[in-house]
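Read through the structure below, which is laid out as structure tokens, and then see the notes.
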Protein chains: 2
Amino acid sequence: MAVPSGPVSPSTEAERAMFDFVDAYDRAYEIAASRHGLSPAQACVLGRLSAPRAMSELAEELGCDASNVTQIVARLESRDLARRQVNPQDRRSRQIVRTDHGSSLYAQFEESFAFARAAASHLDAGEQEQLVTLLRKALGSLT
Amino acid sequence: MAVPSGPVSPSTEAERAMFDFVDAYDRAYEIAASRHGLSPAQACVLGRLSAPRAMSELAEELGCDASNVTQIVARLESRDLARRQVNPQDRRSRQIVRTDHGSSLYAQFEESFAFARAAASHLDAGEQEQLVTLLRKALGSLT
DNA sequence: TATTGTTATACTCTATAACTATA
DNA sequence: TATAGTTATAGAGTATAACAATA
């Protein structure tokens with residue numbers, strides 16, 4: 001399913017517009033990932049490896065359990081998209097790095113995930129600024 | 001993990017704002033669902049059952065395979081949140097209906113999913129209108 | 001024959017608990 | 001003893017292929 005998050009009978013027009021946008025974004029992300037043989041979670045992790053990351057950092061950023069990250073990274077590693085290297089400063093810790101193959105595949109995925117780019121392209125510079133302001137204000141302290 | 005969809009190194013401020021918003025929305029949805037013992041997919045299906053739906057309609061709306069819907073609905077049914085009824089007009093088809101228990105639980109979930117409501121509440125009426133206009137325009141033909 | 005839905009299967013995501021290695 | 005990460009396990013989401021029931 002493209003979008004686990006379903007409509008919540010949004011009661012206002014603004015809430016409905018937010019939902020529709022999130023829904024479309026999530027679906028587009030999943031489709032782009034699968035076109036490259038990636039699950040959304042794999043694409044997500046790969047995207048965070050522009051610089052090396054510890055397992056614990058990934059778990060923290062993704063808001064999930066470390067054991068989960070272990071599995072996702074193991075699958076990436078088995079396909080030569082990422083590697084685990086022991087951190088010499090603290091041999092308990094591992095640095096996860098993207099392989100060249102992983103970087104190349106991720107670049108293709110990014111190119112293919114046209115949603116946000118296309119969405120922005122429908123707005124002129126002033127409208128984009130307005131949207132940024134409104135989205136940030138709407139988020140407020142929700143983040 | 002709250003949000004399978006990760007950041008895609010958004011190259012513009014607008015793209016980053018879109019991502020941050022989607023990310024926060026998805027995480028909030030998942031947390032609200034899990035507070036009521038629901039997976040995001042279960043909450044999503046439950047939300048679509050304000051009126052009876054055929055399996056094929058649910059699969060179409062969710063953009064996933066029918067066999068997937070069979071499983072989700074089976075889990076809802078096993079917890080007395082939904083029921084499958086043979087459609088007398090076409091006995092191949094089933095009408096999925098929410099039980100009273102399912103409706104009640106979903107109402108609680110909805111109440112608890114405060115994200116969109118809170119986001120909208122940070123904007124005044126004019127700003128909400130602006131946001132709707134911009135989001136719809138950004139979506140353009142992407143939907 | 002075509003359609004609706006299910007079953008069997010396999011893979012991925014996810015968390016919890018118990019574990020290993022290192023600090 | 002505390003921390004980083006892994007392993008074992010189990011439940012859920014997902015798709016494909018084969019199937020049953022009905023049209």
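Just the heavy atoms: all of them, side chains too, but no hydrogens, waters or symmetry mates, feed the values below. Residue numbers start from 1 in every chain, and the chains themselves are labelled A, B, ... in the order their sequence lines are given, proteins ahead of strands.
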Quick note, Asp65(A) side chain, CB onward, closest among dT6(D), dA15(C), dG5(C) is dA15(C)
Whole-Å distance, Glu60(A) CD to dT3(D) C1', equals 15 Å
ask   = Between Phe21(B) and Phe115(B), does a ring pair (Phe, Tyr, Trp, His ring centres under 6.0 Å) hold up when you go through it step by step?
value = CA-CA 10 Å; Phe21(B) 188 82; Phe115(B) 181 89; 5.6 Å; yes
Are side-chain heavy atoms of Gln108(B) and Ser104(B) found at a separation under 4.5 Å? yes
Whole-Å distance, Leu58(A) CG to dC13(C) C1', equals 15 Å
| said: Using only modelled atom types and a 3.5 angstrom limit, is any donor from either the side chain of Ser67(B) or the base of dT16(D) paired with an acceptor on the other? | reply: yes
Between CG of Leu46(B) and P of dA12(D) the distance, given in whole Å, is 15 Å
From CD of Glu30(A) across to C1' of dA15(D) the rounded distance in Å is 11 Å
query = Applying the 4.5 Å side-chain criterion to the ILVMFWY set and letting contacts propagate, would Tyr106(B) and Val97(B) be lumped into a single cluster?
reply = no
Checklist entry - According to a strict under-4.0 Å criterion, is Ser56(B) in side-chain N/O contact with OP1 or OP2 of dG5(C)? => result yes
Between the CG atom in Leu81(B) and the NE2 atom in His101(B), the distance rounded to the nearest 0.5 Å is 5.5 Å
Rounded to whole Å, the CZ-C1' distance (Arg75(B) to dT14(C)) equals 13 Å
Considering only heavy side-chain atoms of Ala41(A), the closest of dC13(C), dT6(D), dG13(D) is dC13(C)
Exercise for review: Would you tell me if any nitrogen or oxygen in the side chain of Asn68(A) comes within less than 4.0 Å of OP1 or OP2 on dA15(C)?
Suggested key: yes
For a 4.5 angstrom cut-off between non-hydrogen side-chain atoms, does Val69(A) reach Ile96(A)? no
task: Scan side-chain atoms only and decide if Arg83(A) and Thr99(A) contain a donor-acceptor pair under the 3.5 Å cut-off.
output: no
(Q) So, OP1 or OP2 of dG5(C): does either fall under 4.0 Å of a side-chain N or O from Thr70(B)? (A) no
**Message:** A side-chain contact here means heavy atoms from C-beta on lying under 4.5 Å apart; do Gln128(A) and Asp124(A) qualify?
**Reply:** no
(message) Treating Gln71(B) as the side-chain partner and Asn68(B) as the backbone partner, does any N or O pair qualify as donor plus acceptor under 3.5 Å?
(response) no
Rounded to whole Å, the CD1-P distance (Ile31(B) to dT14(C)) equals 13 Å
Rounded to whole Å, CG of Leu38(A) lies from P of dT14(D) at a distance of 17 Å
- Quick one: are Ser39(B) and Glu30(B) in side-chain contact, heavy atoms under 4.5 Å? no
Next on the checklist: Applying a 4.0 Å non-hydrogen cut-off, can you work out what Ala54(B) is touching in the nucleic acid: base, sugar-phosphate, or nothing?
Outcome noted: sugar-phosphate
Whole-Å distance, Gln71(B) CD to dG5(C) C1', equals 12 Å
Under a 4.0 Å heavy-atom cutoff, the residues of residues 76-84 of chain A touching DNA chain D are Arg84(A)
Note: contacts of residues 87-95 of chain A with DNA chain C (heavy atom, under 4.0 Å) are Asp90(A), Arg91(A), Arg92(A)
- Query: According to the interplanar angle, ranging from 0 to 90°, do the rings of Phe19(A) and Tyr25(B) count as parallel (below 30°), tilted (30 to 60°) or perpendicular (above 60°)?
  - Reply: tilted
Ile72(A) side chain near Leu58(A) side chain, heavy-atom distance below 4.5 Å: no
Look for any protein N or O under 3.5 Å of an N or O in nucleotides 18-20 of chain C and output each such pair with its distance, or none.
none

### Message
Would a single hydrophobic cluster contain both Leu105(B) and Phe109(B), if residues Ile, Leu, Val, Met, Phe, Trp and Tyr are joined by side-chain heavy-atom contacts under 4.5 Å?
### Response
yes
